[in-house]
Amino acid sequence: LRSHRADPGYFWALADLAVFYAGGPEPAVVRRQRVEPLLARLREVHPRHEALARVTKRIERALERPPLDLDKGRGLGRN
């Protein structure tokens, strides 16, 4: 978030934040609502960035997966 606040148009700040939100513990609809504005901004500001297609695919895959189950320790480093 700090990087995004420092430079809201920086490709990797937008991409990393979108990937983070896409893989979160919320239901898919909530995750998608968080990610869509970031993806729109990436496409608007960086339409020819060499990593845009790869990052977009990564985000879409994360959105297709079920949300993290934090009660079972996934994503928190617990076993």
Side-chain angles (χ1 to χ4, degrees):
L1 287 173
R2 197 175 325 174
S3 177
H4 178 60
R5 286 186 190 125
D7 186 357
Y10 179 55
F11 180 86
W12 288 109
L14 289 167
D16 289 343
L17 191 57
V19 168
F20 175 77
Y21 285 150
E26 300 86 8
V29 67
V30 173
R31 292 182 285 141
R32 188 166 293 279
Q33 287 172 345
R34 287 186 175 186
V35 166
E36 284 301 327
L38 297 169
L39 270 177
R41 181 83 172 141
L42 280 168
R43 291 176 178 136
E44 175 187 334
V45 176
H46 305 284
R48 293 177 189 84
H49 194 284
E50 65 182 28
L52 181 60
R54 186 177 71 243
V55 166
T56 300
K57 286 178 187 175
R58 184 174 175 199
I59 291 166
E60 289 300 327
R61 283 193 310 266
L63 288 170
E64 291 170 1
R65 288 192 296 263
L68 293 175
D69 186 349
L70 296 180
D71 290 333
K72 292 186 179 177
R74 289 180 55 208
L76 295 178
R78 290 187 247 151
N79 292 330

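Predicted model, so just to flag it, every value in this text is computed and none were measured. Values below: all heavy atoms of this structure, side chains included; hydrogens, waters and symmetry mates excluded.
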Undergrad: To check you understand the geometry: which heavy-atom pair defines the closest contact between H46 and Y10, and what is its length?
TA: NE2-C, 4.1 Å

Undergrad: How long is the straight-line distance from CD of E36 back to CD1 of I59, given to the nearest 0.5 Å?
TA: 9.5 Å

Undergrad: Calculate, to the nearest 0.5 Å, the distance between atoms CG and CD belonging to L39 and E44 respectively.
TA: 12.5 Å

Undergrad: If you measure from CH2 on W12 to NE2 on H49, what distance do you get to the nearest 0.5 Å?
TA: 6.0 Å

Undergrad: Got a second to check how far R43's CZ is from L38's CG, nearest 0.5 Å?
TA: 11.0 Å

Undergrad: As an exercise, state the distance from CZ of R34 to CD of E26, rounded to the nearest 0.5 Å.
TA: 4.5 Å

Undergrad: Could you check whether R32 pairs with E60 (Lys NZ or Arg NE/NH1/NH2 to Asp/Glu carboxylate O, under 4.0 Å)?
TA: yes

Undergrad: Does F11 CZ have over 12 foreign heavy atoms under 6.0 Å away?
TA: yes

Undergrad: Quick check: closest heavy atoms across G23 and A62, and the distance to 0.1 Å?
TA: N-CB, 4.2 Å

